[in-house]
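Structure record follows, encoded as structure tokens.
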Amino acid sequence: MRVGYIGLGIMGRPCVLNLLRAGHEVCVWARRKESAEPLLQSGATWADSPAALAGQVDVLVTNVSDTVDVESVLLGEGGAAEGAKPGLVCVDMSTIAPNGARRIAAALAEKGVDFLDCPVSGGEVGAVNGTLTVMVGGKGEALDKALPALRAMGQTITHIGASGAGQVAKACNQIAVAVGVAAVAEIVKLAKACDVDPAPVRAALLGGFAQSRVLDVHGQRMIDDNYAPGFKAKLHAKDMHIVLDTAREQGISLPAAERTMQLIDELVAQGGGELDSSAIAKLIWNRN
């Protein structure tokens with residue numbers, strides 16, 4: 001399959017390598033060509049613009065920062081829509097607003113192009129290992145076309161529903177992670193306040209009903225006081241604002257998510273945006 005890829009950051013680079021290993025022809029574009037050089041040396045080819053890229057591939061993957069960036073590379077001047085041929089499937093692996101995904105899908109449909117919102121979970125490790133969890137919104141027929149590419153990057157691929165549904169699932173994922181991080185921070189805080197070593201507490205909880213990936217990974221981060229980013233706080237803040245904006249659009253409240261979003265926002269405001277979002281533990285620990 002001929003696959004295009006836009007967005008060659010922490011997640012995008014290993015995804016391109018996995019596509020190449022799976023035997024796909026991969027053409028890439030980035031705002032800075034130097035970011036693509038290691039991939040070009042590994043067998044990828046270069047396109048001079050998103051429009052040029054879209055005209056030569058069967059599936060075009062985007063993996064960028066936010067809704068505005070996706071709209072720019074797909075619908076903006078020189079964007080993929082200008083060069084796309086009917087039948088192209090655009091797969092967006094970014095985390096963006098559900099309404100944004102629906103808006104982009106509608107605009108591309110006018111060009112005869114299908115759009116799948118396919119946000120992922122699994123972080124850099126999942127991207128490197130090709131084991132990402134992919135949450136898909138869009139037409140089932142378009143997903144069938146894109147599956148060979150998605151299977152090179154993800155292990156669990158779930159069709160959630162129509163356009164925007166994948167992003168709703170990702171918003172739910174981000175609630176679980178954020179609130180879970182806050183809960184783990186409180187676990188460590190309570191253990192220490194009672195003069196109990198949090199390490200065996202974590203080990204015990206991992207063997208019971210409280211077991212979770214968040215407790216496993218972020219509990220260890222907190223015990224080690226190591227907040228090198230797996231998922232940067234500034235990106236988690238962006239995602240949590242999507243969560244709360246979506247909730248407001250639906251007329252519902254999400255009190256636990258809102259409280260945790262405030263903590264992440266505070267961490268970013270204090271200059272911790274480049275840290276892992278689990279660094280909100282320090283804020284929780286420093287309060288009575």
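Please read all numbers here as calculations on a predicted model, not as lab measurements. Numbers for residues simply follow the sequence, beginning at 1.
Residues meeting the ring-ring contact (aromatic ring centres under 6.0 Å, His included) test with Tyr227, sequence neighbours left out: none. With sequence neighbours excluded, the residues satisfying side-chain contact (heavy atoms from CB on, under 4.5 Å) with Ser35 are Leu8, Ala30, Arg32. In this view, Lys234 and Glu274 satisfy the side chain to side chain donor-acceptor pair (under 3.5 Å) rule, not counting sequence neighbours.
Residue Ile10 is found outside any hydrophobic cluster, as its side-chain heavy atoms come under 4.5 Å of no other Ile, Leu, Val, Met, Phe, Trp or Tyr.
Judged purely by distance below 3.5 Å, without hydrogens or angles, the side chains of Arg202 and Gln220 pair a donor atom with an acceptor atom.
Residues Glu266 and Arg259 are not paired through a salt bridge, judged by the lack of any N-O separation under 4.0 Å between the basic side chain and the carboxylate. Ion pairing between a basic and an acidic side chain is recognised when a charged N comes within 4.0 Å of a carboxylate O; Arg221 and Asp276 show such pairing. Ionic pairing of Lys192 and Asp197 is not present here: no N-O contact between side-chain nitrogen and carboxylate oxygen is shorter than 4.0 angstrom.
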Practice task
For Asp265 and His241, run side-chain hydrogen bond (donor to acceptor under 3.5 Å, both in side chains): C-alpha distance rounded to whole Å, both residues' side-chain angles, the deciding distance at 0.1 Å, then the answer.
Solution key: CA-CA 9 Å; Asp265 279 346; His241 281 276; 2.9 Å; yes
Practice task
Check the pair Val168 / Ile160 against side chain to side chain contact (heavy atoms under 4.5 Å, CB included), numbers first and verdict last.
Solution key: CA-CA 9 Å; Val168 171; Ile160 306 296; over 6 Å; no
Handout entry: Worked verdict on Lys232 versus Ser277 for side chain to side chain contact (heavy atoms under 4.5 Å, CB included)
Key = CA-CA 6 Å; Lys232 292 181 180 180; Ser277 62; over 6 Å; no
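Atom CZ of Arg248 has more than 12 neighbouring heavy atoms from other residues, nucleotides or ligands inside a 6.0 Å radius. Within a 6.0 Å radius of CD in Glu77, no more than 12 heavy atoms belonging to other residues, nucleotides or ligands are found.
Looking at Val3 and Glu25, their side chains never come closer than 4.5 Å, going by heavy atoms from C-beta outward. Inter-residue side-chain proximity for Met93 and Pro119 is flagged as unmet; no heavy-atom pair is nearer than 4.5 Å. In this structure, the side chains of Leu60 and Val91 stay at 4.5 Å or more apart for every pair of heavy atoms. Counting only heavy atoms from C-beta outward, the side chains of Leu275 and Gln270 never approach each other to under 4.5 Å. For the pair Ile284 and Glu186, the minimum side-chain heavy-atom distance is below 4.5 Å.
To the nearest 0.5 Å, atoms CD (Glu82) and CG (Leu75) are separated by 10.0 Å. The CD atom of Gln167 sits 7.5 Å away from the OG atom of Ser94 when rounded to the nearest 0.5 Å. For the atom pair CG (Leu116) and CG (Leu150), the distance works out to 7.5 Å, reported to the nearest 0.5 Å.
Within the structure, the side chain to side chain donor-acceptor pair (under 3.5 Å) test picks out the following pairs touching residues 60-72 (sequence neighbours left out): Tyr5-Asn63, Thr62-Asp92, Glu71-Arg103.
Without hydrogens or angle criteria, Trp285 side chain to Ala185 main chain gives a donor-acceptor distance under 3.5 Å. Counting only distance, with no hydrogens or angles, the side chain of Asp216 and the backbone of Ser212 share no donor-acceptor pair below 3.5 Å.
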Donor-acceptor list for residues 125-140 side chains, cut-off 3.5 Å, not counting sequence neighbours:
residue	atom	partner	partner atom	Å
Asn129	ND2	Val125	O	3.3

